Number of protein chains: 2
Amino acid sequence: MPQQSKKAKASKAKLQSAPFRRTRSDHSTELVEDYLELIADLIDVKGEARGTDVALRLGVANATVVKMLKRLQDKGFITQEPYRAVMLTTEGWEIAEKGRRRHAVVENFLLAIGVSSETARIDSEGIEHHVSEETLRMMARFTNRKS
Amino acid sequence: MPQQSKKAKASKAKLQSAPFRRTRSDHSTELVEDYLELIADLIDVKGEARGTDVALRLGVANATVVKMLKRLQDKGFITQEPYRAVMLTTEGWEIAEKGRRRHAVVENFLLAIGVSSETARIDSEGIEHHVSEETLRMMARFTNRKS
DNA sequence: GTTAAAATTTAGCCAAGGCTAAATTGAATT
DNA sequence: AATTCAATTTAGCCTTGGCTAAATTTTAAC
């Protein structure tokens, strides 16, 4: 099999690998968004977000949450004092809100195309992090037309 | 704040955490599917799948591919002899085909709702792994109706 | 005000998926 | 056939996101 030139290969690869690289780098961001969204929900519903609640909802051990919260604090998304509930910073709220918005758009869209509410709830959780603004716009447009 | 009973908490948590746990456990599966799909494509297009091509397309170092291919072999999805191209086993082909089918359904669906081809290509890559059979059916139905 | 229970944190472990650098093997050219 | 260059593999490292078990701190009940 004849070899392609190095340059040809490289440029082709750049194009091709972009989606994959994006998918992969998203993974760390996904978790952050899940945490922040959940914390925002807990604060709205229960008045505060405790580590244990986060752990329960995410289906993860307490220690895992502690570690993650420390990271969220380092990144400036939450504030916390030892043994107390966590607060979202302004930036934390912004990310959480953005996530909730995406989430809602995707979930409503799935409902609009006829998916059951249970499935819409589950699938939107997975999909929300991988949808570009453009796709989100199209989803919202479709949903609005249907309602 | 009054405490809920342990039982109430636990059952609520079980419900809530299901989607998250699924999203997380998917991550390992996702990569496997990406590799197998890509290998299948390479075999179809170029007649064989070499480690370097996989690395280039996934935007990942050679050594990373080697390690992953070893895992794919252990799981029985591919066969390989040292310094030679990899082959898909029957099971490997099945997974690759399933992935390609999902991928195609999602991509065509995105196109059908008006997303640009570039975005459809990118987003479908991320979304494909998080779509249930039910949602996939609805997407296919919608696409067929539009065409 | 003690004490018991629950929540939180710490410590230390593991596997997955990345990387670079160095060693090895295969293939192509001369 | 020897050499050179590209591909592959090995070795060793790192980070992330999990876990359990043990220690600590709050909170609630008495």
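Keep in mind that this is a model prediction, so the values were computed, not measured. Residue numbers begin at 1 in each chain, while the letters A, B, ... track the order of the sequences.
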Trainee: Quick one: list whatever passes side chain to side chain contact (heavy atoms under 4.5 Å, CB included) with B/L111, sequence neighbours left out.
Mentor: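 Partners of B/L111 under the side chain to side chain contact (heavy atoms under 4.5 Å, CB included) test: B/N108, B/S117, B/A120.
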Trainee: Quick one: side chain to side chain contact (heavy atoms under 4.5 Å, CB included) partners of B/Q73, sequence neighbours excluded?
Mentor: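 B/Q73: side chain to side chain contact (heavy atoms under 4.5 Å, CB included) contacts with B/I78, B/Q80.
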Trainee: B/R141: what forms a salt bridge (Lys or Arg N to Asp or Glu O under 4.0 Å) with it, not counting sequence neighbours?
Mentor: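 Once residues adjacent in sequence are excluded, B/R141 has no partner under the salt bridge (Lys or Arg N to Asp or Glu O under 4.0 Å) criterion.
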Trainee: Any side-chain N or O of B/R50 under 4.0 Å from OP1/OP2 of D/dT8?
Mentor: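 Affirmative; the distance criterion is met.
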Trainee: With the threshold set at 4.0 Å, does a side-chain nitrogen-carboxylate oxygen contact exist between A/E48 and A/K46?
Mentor: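 No salt bridge links A/E48 with A/K46.
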Trainee: Starting at atom CG of B/L72, determine the distance to atom C1' of C/dA16, rounded to an integer number of angstrom.
Mentor: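 Interatomic distance, CG of B/L72 to C1' of C/dA16: 13 Å.
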Trainee: Is any side-chain N or O of B/T64 closer than 4.0 Å to OP1 or OP2 of C/dC19?
Mentor: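 For C/dC19, OP1/OP2 do have a side-chain N/O of B/T64 under 4.0 Å.
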Trainee: For A/L58 and D/dT16, what is the distance between atoms CG and P respectively, to the nearest whole Å?
Mentor: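 Taking CG of A/L58 and P of D/dT16, I get 18 Å after rounding.
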Trainee: Would one find a side-chain N or O of A/K67 under 4.0 angstrom from OP1 or OP2 of C/dT10?
Mentor: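 No, A/K67 has no side-chain N/O under 4.0 Å of OP1/OP2 on C/dT10.
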Trainee: For A/R84, which contact category applies under a 4.0 Å heavy-atom criterion: base, sugar-phosphate, or nothing?
Mentor: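 If one applies the 4.0 Å heavy-atom cut-off, A/R84 turns out to touch nothing in the nucleic acid.
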Trainee: Can you measure A/E81 atom CD to C/dT9 atom P for me and round it to whole angstrom units?
Mentor: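 So the CD-P distance, A/E81 to C/dT9, works out to 11 Å.
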Trainee: Could you give the CG-to-P distance, from B/L69 to D/dT9, as a whole number of Å?
Mentor: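 Result: 8 Å.
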Trainee: Any chance the side chains of A/E30 and A/H130 put a donor and an acceptor closer than 3.5 Å?
Mentor: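 Their side chains do contain a donor-acceptor pair, which is all the 3.5 Å distance test asks for.
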Trainee: When the nearest nucleotide of DNA chain C is assigned to B/N62 and to B/R71 on a heavy-atom basis, which residue is associated with the more 5' position?
Mentor: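 Of the two residues, B/R71 wins.
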Trainee: Do any pairs count as a ring-ring contact (aromatic ring centres under 6.0 Å, His included) and have a residue in residues 65-105 of chain A, sequence neighbours left out, and if so which ones?
Mentor: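 Listed by first then second residue: nothing to list.
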Trainee: Choosing from C/dT20, D/dG17, D/dC19, which nucleotide comes nearest the side chain of A/M68?
Mentor: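 Ranking C/dT20, D/dG17, D/dC19 by closest atom to the A/M68 side chain puts D/dG17 first.
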Trainee: Go nucleotide by nucleotide along DNA chain D from the 5' end; which of A/Y35 and A/P82 gets its closest nucleotide reached first?
Mentor: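 The residue whose closest nucleotide sits nearer the 5' end is A/Y35.
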Trainee: As a test of reading the structure: which of D/dT10, C/dG17, C/dT10 is closest to the side chain of A/K70, going by heavy atoms?
Mentor: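 Out of D/dT10, C/dG17, C/dT10, the nucleotide with an atom closest to A/K70's side chain is C/dT10.
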Trainee: Once you round it to whole Å, what is the distance between P of C/dA16 and CG of B/D74?
Mentor: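 About 10 Å, once rounded to whole Å.
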Trainee: Please state how far atom NZ in A/K46 lies from atom P in C/dA7, giving the value in whole angstrom units.
Mentor: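 Answer to the nearest Å: 10 Å.
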Trainee: Round to a whole Å and report the spacing from CG of B/L56 to P of D/dA6.
Mentor: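 B/L56 atom CG is separated from D/dA6 atom P by 14 Å.
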Trainee: Identify, with sequence neighbours excluded, every residue that meets salt bridge (Lys or Arg N to Asp or Glu O under 4.0 Å) alongside A/E91.
Mentor: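 Scan of A/E91 (salt bridge (Lys or Arg N to Asp or Glu O under 4.0 Å), adjacent residues dropped) gives none.
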Trainee: Distances under 3.5 Å only, N/O to N/O: pair up the protein atoms with those of nucleotides 21-25 of chain C.
Mentor:
unit_1 : atom_1 : unit_2 : atom_2 : d
C/dT25 : O4'    : B/Y83  : OH     : 3.2

Trainee: Rounding to a whole Å, what distance do you find between B/D34:CG and C/dG17:P?
Mentor: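 That distance rounds to 11 Å.
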